[in-house]
Student: 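Just dropping this structure here.
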Amino acid sequence: MQRTIKMRLSRYFLPVLKENPADAQIASHRLMLRAGMIKQASAGIYSWLPLGFKVLRRIENIVHEEQIRAGHIPMLMPTLQSADLWRESGRYDDYGEEMLRIRDRHGRDMLYGPTNEELITDIFRSHVTSYKELPLTLYHIQWKFRDEIRPRFGVMRGREFLMKDGYNFDLDRESALHAYNRHMVSYLRTYERMGLKAIPMRADSGPIGGDDTHEFLVLADTGESEVFYDSAILDLSMDGRTVDYDNRAEIAALVQEWTTPYARTDETHDEAEFAKVPEERRRTSRAIEVGQIFYFGTKYSEPMGAFVVNEKGERVPVHMGSHGIGVSRLVGAIIEASHDERGIIWPEGVTPFHVGIVNLRQGDGECDAACEKLYGALAAAGLEPLYDDREERAGAKFATMDLIGLPWRITVGPRGLKSGVVELTNRRTGESEEVKPEDAVEKVKEIYRPHQEAGLIEPMKGRYFHTWL
RNA sequence: CGGGGCGUAGCGCAGUCUGGUAGCGCGACGGUUUUGGGUACCGUAGGUCGCAGGUUCAAAUCCUGCCGUCCCGACCA
């Protein structure tokens, strides 16, 4: 049933660079260029080459899985929007130069969407009129464009970026706050599956507006935000907990747990509050923002006429929130959080290939056969290996594998095969062990089992890409 | 948007000050060699020197304008 297309490095497109590109200043940007993941098209705009595209899709996929798990509904809105809707909300003028404005052949004002509140509200008001259709949370993962004054740091601050943005519609404040909480919990699960420690921090709402908002931040020296937190929050973990997203009390308790320790960005930082944290637990750091959730009540529903009739027959504006995850930025953030001087170290949850197979004596009958057999066994287990079958020396093959960051490597050479073993190496620790080929396969299967199970939602069972959409 | 830097072969750079046949390293390609951490050697191909004007017998080099791009700062998923 499952057809396997063997991924041989000799037939793949992986333009790795031996030298550091001059333009790339931070690790993630440099490594993404060197590992052949992206190519700059213009300032802040990138092509995603096969390896980068694969990681992007893995991340996107986890986001989808966790959103669907939380009961949110995927859809897709266009990148180009009509200016009329934005005039209605009053943001056409507010947004300023950051919005890329375009005029079509009929002279109509269009724009490349920097976000989608207006569009989703328009969809909602056209089709939803009764409280009985609530609660509703719709989301999509789509390219956005913000004409940043100064794009930088590769995909971390691109002008074009891929973002998951979701919008909840609820009858009242309480329901909307449950939606807010539900998003926080689903986000925590999402980041954890990517091998990231992302801390929810009380933040400033910016131009989107609203009262309640949290940003999710990944600690990293190259981050653009300054953050202050109680180190106790680092001990918290979702630890793969399954949650009942309909259980308001359970979700609220989780949010309580994660928002109790002090954690704020510089925008909302309060020295007096911070001083109450025991001194040895007070931390300040740089961090990368990888998501944000908002509750903004009726800010858009009122001016744009998104009303429903409640059980008393009254027309009331719906309570809304919006929530975003920077999908393309996450690729950079994960690398910032996980690399060494040799290259990237992918967390198992997002790695483009699960394991690299390095053939040290290409053309040697025994080595070739052993590699093929390993590939077959791993693929049969639903894993994607990358087989380095190039006519290269060992050093070159190892250097490539280290650079592109596959977390596990199986090395096959004549020396080991003589005693019936291959080498299984952990990219992160550098530790190797000599094991029989079948044991290496078993071990790798075991490592990835939790990640495979985490993704098992009925509509997409056994698939990697979001083909259920 | 203020300040600074850089555009020369696919990548990294020298050459520009002081104008005179466009170079080096890596990579690519063809060989030989080597084979458990980017091997060594021989050979080959590859450039409107960002673009447009100007000065000059002669411009990568000097002058003017433009474009692109990176960094620092203020703003942002």
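First the proteins, then the strands, lettered A, B, ... as listed; each starts at 1.
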Student: Might you list the N or O atoms of the protein lying below 3.5 Å from N or O atoms in nucleotides 66-69 of chain B, with each pair's distance?
Tutor:
residue, atom, partner, partner atom, Å
B/U69, OP1, A/A43, N, 2.7
B/U69, O3', A/Q40, NE2, 3.3

Student: Nearest to the A/F398 side chain among B/C75, B/G12, B/G37, which nucleotide is it?
Tutor: B/G37

Student: Which residue pairs satisfy the side chain to side chain donor-acceptor pair (under 3.5 Å) criterion with at least one member in residues 11-25 of chain A, sequence neighbours excluded?
Tutor: none

Student: Side chain of A/A396: nearest nucleotide among B/G38, B/C1, B/U35?
Tutor: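 Of the candidates, B/G38 comes closest.
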
Student: Just jot down the salt bridge (charged side-chain N to carboxylate O under 4.0 Å, His left out) partners of A/D368, sequence neighbours excluded, or say none.
Tutor: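 Testing A/D368 for salt bridge (charged side-chain N to carboxylate O under 4.0 Å, His left out), a comparison that skips the adjacent residues, returns none.
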
Student: Expected output is a numbered-order residue list: members of residues 416-428 of chain A with a heavy atom under 4.0 Å from any atom of RNA chain B. What is it?
Tutor: A/G416, A/E423

Student: B/C71, B/U39, B/G36: which one has an atom nearest the side-chain heavy atoms of A/R152?
Tutor: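 Nearest nucleotide to the side chain: B/C71.
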
Student: Which residues, if any, of residues 332-346 of chain A bring a heavy atom under 4.0 Å of RNA chain B?
Tutor: A/R342

Student: Which pair of heavy atoms, one from A/Q81 and one from A/T115, lies closest together, and at what distance?
Tutor: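 Smallest heavy-atom distance, with atoms named: NE2-O, 3.2 Å.
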
Student: Determine the interatomic distance between P on B/G43 and the same-named atom on B/C24; round to the nearest Å.
Tutor: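 Between the two P atoms, the distance is 12 Å.
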
Student: For A/E446, what residues pass the salt bridge (charged side-chain N to carboxylate O under 4.0 Å, His left out) criterion, not counting sequence neighbours?
Tutor: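 Once residues adjacent in sequence are excluded, the partners of A/E446 under the salt bridge (charged side-chain N to carboxylate O under 4.0 Å, His left out) criterion are A/R449.
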
Student: The side chain of A/R393 is closest to which nucleotide in this list: B/U34, B/C71, B/G37?
Tutor: B/U34

Student: Using Watson-Crick or G-U wobble geometry with both distances below 3.5 Å, tell me the partner of B/A58, or none.
Tutor: none

Student: Sticking with atom C1', work out how far B/G3 lies from B/A60, rounded to a whole angstrom.
Tutor: 28 Å

Student: Whom does B/A14 pair with, Watson-Crick or G-U wobble, provided both distances fall under 3.5 Å?
Tutor: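 WC or wobble partner does not exist here.
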
Student: Tell which nucleotide pairs with B/G46, taking only Watson-Crick or G-U wobble pairs whose two distances are both under 3.5 angstrom.
Tutor: none

Student: Touch check for A/L17, heavy atoms < 4.0 angstrom, all strands: base, sugar-phosphate only, or nothing?
Tutor: nothing

Student: Could you list all the ring pair (Phe, Tyr, Trp, His ring centres under 6.0 Å) pairs where at least one residue sits in residues 66-90 of chain A, not counting sequence neighbours?
Tutor: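 Residue pairs with at least one partner in residues 66-90 of chain A: A/H72-A/H183, A/W86-A/Y95.
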
Student: Considering only atom C1', compute the distance from B/U69 to B/U8 and round it to an integer number of Å.
Tutor: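 About 15 Å, rounded to a whole number of Å.
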
Student: How far, in whole Å, is B/A9 from B/U48 if one measures between their C1' atoms?
Tutor: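 Nearest-Å result for B/U48 against B/A9 at atom C1': 13 Å.
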
Student: What contact category does A/G413 fall into here, base, sugar-phosphate, or nothing, at under 4.0 angstrom with non-hydrogen atoms?
Tutor: base

Student: State whether the side chain of A/Y187 and the backbone N or O of A/G324 hold a donor-acceptor pair below 3.5 Å, judged by distance alone.
Tutor: yes

Student: Between B/U64 and B/A74, how far is it from one C1' atom to the other, in whole Å?
Tutor: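 These two C1' atoms come out 32 Å apart once rounded.
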
Student: B/G7 and B/G47: how far apart are their C1' atoms, nearest whole angstrom?
Tutor: 14 Å

Student: Among pairs that include at least one residue of residues 326-337 of chain A, which meet side chain to side chain donor-acceptor pair (under 3.5 Å), considering only residues two or more places apart or in two chains?
Tutor: A/S28-A/E336, A/T222-A/E336

Student: Each nucleotide N or O in nucleotides 25-32 of chain B that has a protein N or O under 3.5 Å away: list the pair and distance.
Tutor:
residue, atom, partner, partner atom, Å
B/G25, N2, A/E19, OE1, 2.8
B/G25, N2, A/E19, OE2, 3.4
B/G27, OP1, A/K18, NZ, 3.3

Student: Could A/E192 and A/R189 be called an ion pair, given the rule that one side-chain N must be under 4.0 Å from one carboxylate O?
Tutor: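 Result for this pair is no, no salt bridge flagged.
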
Student: Is there a donor on the side chain of A/R390 or the base of B/G38 sitting less than 3.5 Å from an acceptor on the other?
Tutor: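 No, no donor-acceptor pair under 3.5 Å.
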
Student: Taking the basic N atoms (NZ, or NE/NH1/NH2) and the acidic carboxylate oxygens, is any pair closer than 4.0 Å for A/E117 and A/R91?
Tutor: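 Salt bridge between A/E117 and A/R91, a charged N being under 4.0 Å from a carboxylate O: yes.
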
Student: Ignoring the backbone of A/P414, work out which of B/G12, B/G36, B/C1 is nearest its side chain.
Tutor: B/G36

Student: Look at A/R150 and B/C72 and indicate whether a side-chain polar atom (N or O) is within less than 4.0 Å of OP1 or OP2.
Tutor: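 The answer is yes; a side-chain N or O of A/R150 sits under 4.0 Å from OP1 or OP2.
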
Student: Strictly under 6.0 Å, is that where the ring centroids of A/F169 and A/F124 end up?
Tutor: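 Ring centres of A/F124 and A/F169 closer than 6.0 Å.
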
Student: Taking B/G20 as the reference, what is the distance to B/G65 when you measure between their P atoms (whole Å, please)?
Tutor: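 One P to the other, the span is 25 Å.
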
Student: Could you tell me whether a side-chain N or O of A/R58 sits under 3.5 Å from a main-chain N or O of A/T351, the two making a donor and an acceptor?
Tutor: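 At least one qualifying donor-acceptor pair exists.
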
Student: Are the charged groups of A/R159 and A/D147 less than 4.0 angstrom apart, N to O?
Tutor: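 A salt bridge links A/R159 with A/D147.
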
Student: Classify the nucleic acid contact of A/G154 as base, sugar-phosphate or nothing, counting any heavy atom under 4.0 Å across all strands shown.
Tutor: nothing

Student: Go through the structure and list residues passing salt bridge (charged side-chain N to carboxylate O under 4.0 Å, His left out) with A/R8, not counting sequence neighbours.
Tutor: A/E372, A/D389

Student: CZ of A/F398 to CG of A/D388: how many Å apart, nearest 0.5 Å?
Tutor: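 Taking CZ in A/F398 and CG in A/D388, the distance rounds to 9.5 Å.
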
Student: Could you give all pairs that pass the salt bridge (Lys or Arg N to Asp or Glu O under 4.0 Å) test and reach residues 410-421 of chain A, with sequence neighbours left out?
Tutor: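 Sorted pair list comes back empty.
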
Student: Charged N to carboxylate O below 4.0 Å: is that the case for A/R125 and A/E88?
Tutor: yes

Student: Under a 4.0 Å heavy-atom cut-off, which of residues 400-407 of chain A touch RNA chain B?
Tutor: A/T400, A/D402

Student: Using atom P of each nucleotide, how far apart are B/U21 and B/A58 to the nearest Å?
Tutor: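 Their P atoms lie roughly 15 Å apart.
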
Student: What is the pairing partner of B/G73, taking Watson-Crick or G-U wobble pairs with both distances under 3.5 Å in any strand?
Tutor: B/C1

Student: Does NZ or CZ of A/R264 come closer than 6.0 Å to the centre of the six-membered ring of A/F228, within 45° of the ring's axis?
Tutor: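 Checked: cation-pi criterion not met.
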
